[in-house]
Amino acid sequence: MDTKDSILNRAMGAQIAAEKAALRPKKSVRELIVETGLSESTINRILSEAPRDIHVTAIARFARVFGITPQELVRRAVERAEGFGGWWSDGPTLNPEAPVSPPVASIADQRQKKNPAEMTDDELEAIQKKAAINDEHMDQDESDLP
């Protein structure tokens, strides 16, 4: 019988595999190596039928590639393991046919973007101050720059 930990690990591996399969354009294991910074053996182990413990940083790296938050990836994996109640009770089973949830918008996409014409003077000043902090040449004429 599977332990609760092994069921959650299998569900997470299955969810990561499902998210990988849903990517458009498709990504190879080689591309995942580059984009996650994880080794080929780690990626293959996670995508296998019976992955061992999956480190939280690996979950975060995969989530970034999939354009979702780590919390969303974990939520989907728990759902795949028949929900938190099913996973937490005695005798849960993995549902390999669980649907892949549609990806959520990235954090950057979720931020409301305003048209500068609709912004208040205070909002524009705040953006300008933030830019000045990040751009040491902001107050110089372009002709003064090398």
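Sequence positions, counted from 1, serve as the residue numbers for this chain.
Within the 4.5 Å cutoff, the side chain of Thr42 has no heavy atoms near those of the His55 side chain.
Of all heavy-atom pairs spanning Arg45 and Asp53, the tightest one is NH1-O, 3.3 Å. In this structure, Ala18 and Arg80 approach most closely via the heavy-atom pair CB-NH2, 3.4 Å. Between Leu38 and Ile33, the shortest heavy-atom contact is O-CG2, 3.5 Å. Looking at every heavy atom in both residues, Ala77 comes nearest to Ala11 through O-CB, 3.3 Å.
Two different hydrophobic clusters hold Val34 and Leu23 under the rule that ILVMFWY side chains link at heavy-atom gaps under 4.5 Å.
Qualifying side-chain contact (heavy atoms from CB on, under 4.5 Å) partners for Ser41, counting only residues two or more places apart in sequence or in other chains: Ser39. Legend: residues meeting salt bridge (charged side-chain N to carboxylate O under 4.0 Å, His left out) with Arg30, ordered by chain and number and at least two apart, are Glu40. Checked against salt bridge (charged side-chain N to carboxylate O under 4.0 Å, His left out), Glu35 has the following partners two or more places apart in sequence or in another chain: Lys27. Shown here are the side-chain contact (heavy atoms from CB on, under 4.5 Å) partners of Ala17, two or more places apart in sequence or in another chain: Leu47.
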- Message: Let's go through Gln15 and Arg76 carefully: what are the C-alpha distance in whole Å and the side-chain angles of both, what is the deciding distance for side chain to side chain donor-acceptor pair (under 3.5 Å) to 0.1 Å, and is it a yes or a no?
- Response: CA-CA 7 Å; Gln15 189 62 40; Arg76 292 176 185 183; over 6 Å; no
- Query: Please walk me through it: do Leu73 and Met12 pass side-chain contact (heavy atoms from CB on, under 4.5 Å)?
  - Reply: CA-CA 8 Å; Leu73 185 55; Met12 179 56 74; 4.0 Å; yes
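A side-chain contact (heavy atoms from CB on, under 4.5 Å) with Phe62 is found for one member of Thr57, Ile54, Ile46, Ile68 and no other, namely Ile46.
Between the CD1 atom in Ile43 and the CD1 atom in Ile16 there is a gap of 9.5 Å [rounded to 0.5 Å]. In this structure, the separation between CD1 on Ile59 and CZ on Phe66 is 11.0 Å, given to the nearest 0.5 Å.
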